[in-house]
Peer 1: 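Supplied in structure tokens, the structure appears directly below.
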Amino acid sequence: MTICVRLTDRALVEVSGEDRLAFLQGLLSQSVEDLAPGEARYGALLTPQGRLLFDLFIIGRPDAVWLDVAADRRDELVTRLKIYKLRSRVDIRPLDAGVWTCWPDAPGPGWVADPRREGLAWRAWGPESPPAETAGPVDWRRRRLEFGVGDAEDFDFDRDYPVELNFDRVGGIDFAKGCFVGQETTSRMKRRGQVKTRLVPIRFAGPPPTRGSEVLNGALRAGEVRSGVEGLALALLRLDRLDGALTADGRTVSAEPPLPG
């Protein structure tokens with residue numbers, strides 16, 4: 001059975017104009033210069049210091065590029081892109097269209113595989129005939145947590161580094177594309193093996209610990225919990241403290257391995 005959810009926590013920004021690909025190519029962590037209509041890629045806009053500002057799905061359209069972003073951050077993204085616009089011949093505006101995800105199968109033509117993990121889900125933006133919603137946000141959260149994939153609710157924007165959030169392992173960074181905002185720090189962390197913390201799944205009994213709850217390895221701080229559902233959550237943890245007696249909110253938790261590189 002195909003399960004479908006409308007993602008009301010996501011919204012769209014349209015970037016059009018003849019310079020749209022060159023404009024975004026110089027900003028985003030993902031290459032877009034060869035983005036084809038109907039294709040979707042995952043990427044980010046970072047601070048100059050390399051911290052995450054926006055996670056983005058980048059969707060090719062015949063005469064534009066759509067950016068799928070957290071709904072409560074869409075206006076901020078529009079403002080940020082306009083700051084970078086300068087003399088570029090682009091038009092940037094919010095777009096009123098729904099964002100949908102379905103799994104394990106696509107409900108029809110026009111759906112694109114979620115680029116973050118094979119088999120995770122299918123995604124569509126403003127379909128002409130949207131499917132019937134058969135599940136809710138908690139069901140989608142559990143689905144992606146089972147795949148170890150973070151989403152906007154797992155990220156502390158303007159604080160976290162994208163490599164710590166596994167962007168390098170979910171296709172969110174093209175290290176061969178050339179310059180983008182925050183590239184120097186991002187590339188250096190990856191090249192020098194300076195990634196000491198990553199987003200990893202944790203399991204436990206009962207409801208999830210509160211977001212931000214401290215994870216302890218004995219008496220030592222190992223990290224903090226991000227989003228969760230019954231029995232499963234993601235936590236940003238130190239890689240050298242994944243083994244041992246882990247607890248959160250006074251309960252025993254076990255950490256699973258990080259996503260493979």
Side-chain angles (χ1 to χ4, degrees), residues 7 9-16 19-61 64-71 73-74 76-81 83-85 88 90 92 95 99 101 112-118 120-125 144 147-190 195 198-199 259 261:
L7 302 179
D9 61 339
R10 305 294 295 188
L12 292 173
V13 171
E14 182 180 79
V15 181
S16 59
D19 292 341
R20 63 188 182 278
L21 295 180
F23 171 69
L24 293 173
Q25 181 73 9
L27 295 178
L28 305 183
S29 66
Q30 179 59 259
S31 181
V32 299
E33 61 185 358
D34 59 347
L35 183 71
E39 183 181 1
R41 298 177 182 177
Y42 188 58
L45 179 62
L46 311 180
T47 69
Q49 296 76 32
R51 298 182 187 272
L52 180 66
L53 272 181
F54 303 93
D55 73 300
L56 305 165
F57 290 85
I58 307 156
I59 306 107
R61 304 292 295 176
V65 175
W66 288 357
L67 302 176
D68 169 348
V69 65
R73 297 178 58 76
R74 178 171 66 176
E76 185 179 347
L77 175 62
V78 170
T79 299
R80 180 67 60 132
L81 291 176
I83 291 173
Y84 283 117
K85 179 180 176 181
S88 297
V90 296
I92 303 160
L95 188 67
V99 181
T101 189
V112 179
D114 191 311
R116 294 175 292 180
R117 288 292 302 279
E118 184 177 355
L120 171 59
W122 298 81
R123 215 166 175 101
W125 299 269
R144 64 173 183 77
F147 278 75
V149 173
D151 212 341
E153 62 183 351
D154 299 294
F155 309 150
D156 280 357
F157 295 102
D158 208 12
R159 172 188 163 192
D160 293 337
Y161 290 101
V163 176
E164 294 178 330
L165 303 172
N166 300 323
F167 274 64
D168 58 325
R169 298 185 174 180
V170 295
I173 304 171
D174 184 343
F175 289 98
K177 72 176 287 284
C179 294
F180 59 88
V181 177
Q183 179 201 28
E184 184 177 353
T185 300
T186 305
S187 297
R188 184 171 63 247
M189 290 180 69
K190 183 71 170 178
V195 186
R198 280 197 182 269
L199 204 61
L259 289 178

Peer 1: Would you name the heavy atoms of Arg117 and Leu259 that are closest together and state the gap between them?
Peer 2: NH1-CD2, 2.7 Å

Peer 1: Return the CD1 to CZ distance between Ile92 and Arg20, rounded to the nearest 0.5 Å.
Peer 2: 13.0 Å

Peer 1: Any non-hydrogen side-chain atom of Asp168 less than 4.5 Å from a side-chain atom of Arg198?
Peer 2: yes

Peer 1: Is a donor on one side and an acceptor on the other found under 3.5 Å between the side chain of Ser29 and the backbone of Gly172?
Peer 2: yes

Peer 1: Do Trp125 and Val112 come within less than 4.5 Å of each other through their side chains, counting heavy atoms only?
Peer 2: yes

Peer 1: What is the minimum heavy-atom distance between Trp122 and Ala113, and which atoms define it?
Peer 2: CE3-N, 3.4 Å

Peer 1: Closest heavy-atom contact between Leu199 and Asn166?
Peer 2: O-ND2, 2.8 Å

Peer 1: Establish, for the pair Arg116 and Phe147, whether the NZ or CZ atom is under 6.0 angstrom from the six-membered ring centre and no further than 45 degrees off its axis.
Peer 2: no

Peer 1: To the nearest 0.5 Å, what is the distance between CG (Leu81) and CG (Leu45)?
Peer 2: 6.5 Å

Peer 1: May I ask you to decide whether Arg159 forms a salt bridge with Asp156, counting only side-chain N to carboxylate O separations under 4.0 Å?
Peer 2: yes

Peer 1: Compute both the distance and the angle, then confirm whether Arg80 meets the cation-pi test with Phe54: under 6.0 Å from the six-membered ring centre, within 45 degrees of the axis.
Peer 2: no

Peer 1: State whether the side chain of Lys177 and the backbone N or O of Glu33 hold a donor-acceptor pair below 3.5 Å, judged by distance alone.
Peer 2: no

Peer 1: Look up atom CG in Leu24 and atom OH in Tyr84, then write down how far apart they are to the nearest 0.5 Å.
Peer 2: 12.5 Å

Peer 1: Does the Arg123 side chain pair with the main chain of Pro115, one donor and one acceptor, at a distance under 3.5 Å?
Peer 2: no

Peer 1: Give the C-alpha distance, both sets of side-chain angles, the deciding distance and a yes or no for side-chain contact (heavy atoms from CB on, under 4.5 Å) between Val15 and Leu67.
Peer 2: CA-CA 8 Å; Val15 181; Leu67 302 176; 4.0 Å; yes

Peer 1: So, do Tyr161 and Phe167 sit near enough that their side-chain heavy atoms are less than 4.5 Å apart?
Peer 2: no

Peer 1: Mark yes or no for whether Lys190, through its side chain, and Val163, through its backbone, hold a donor-acceptor pair below 3.5 Å.
Peer 2: no

Peer 1: Is Arg144 paired with Asp114 through a side-chain N to carboxylate O contact shorter than 4.0 Å?
Peer 2: no

Peer 1: For Glu184, I'd like to know if atom CD has over 12 heavy atoms of other residues, nucleotides or ligands within 6.0 Å.
Peer 2: no

Peer 1: Determine the minimum heavy-atom distance between Leu95 and Arg74, stating which atoms define it.
Peer 2: O-NH1, 2.9 Å

Peer 1: Measure the spacing between CD of Glu153 and CG of Asp55 and express it to the nearest 0.5 Å.
Peer 2: 10.5 Å

Peer 1: Any non-hydrogen side-chain atom of Leu52 less than 4.5 Å from a side-chain atom of Phe157?
Peer 2: yes

Peer 1: Any chance you could measure Arg188, atom CZ, to Thr186, atom OG1, to the nearest 0.5 Å?
Peer 2: 9.0 Å

Peer 1: Supply the atom-to-atom distance Ile59 CD1 to Tyr42 OH, rounded to the nearest 0.5 angstrom.
Peer 2: 12.0 Å

Peer 1: Would you say that Leu12 contacts Asp68 through its side chain, given a criterion of any heavy-atom pair below 4.5 Å between the two side chains?
Peer 2: yes

Peer 1: Look at Arg10 together with Asp151 and state whether they make a salt bridge at an N to O cut-off of under 4.0 Å.
Peer 2: yes

Peer 1: Any idea which heavy atoms bring Pro48 and Val181 closest together, and the distance?
Peer 2: N-CG1, 3.8 Å

Peer 1: Verify, without hydrogens or angle tests, whether Arg41 (side chain) and Ser31 (backbone) share a donor-acceptor contact under 3.5 angstrom.
Peer 2: yes

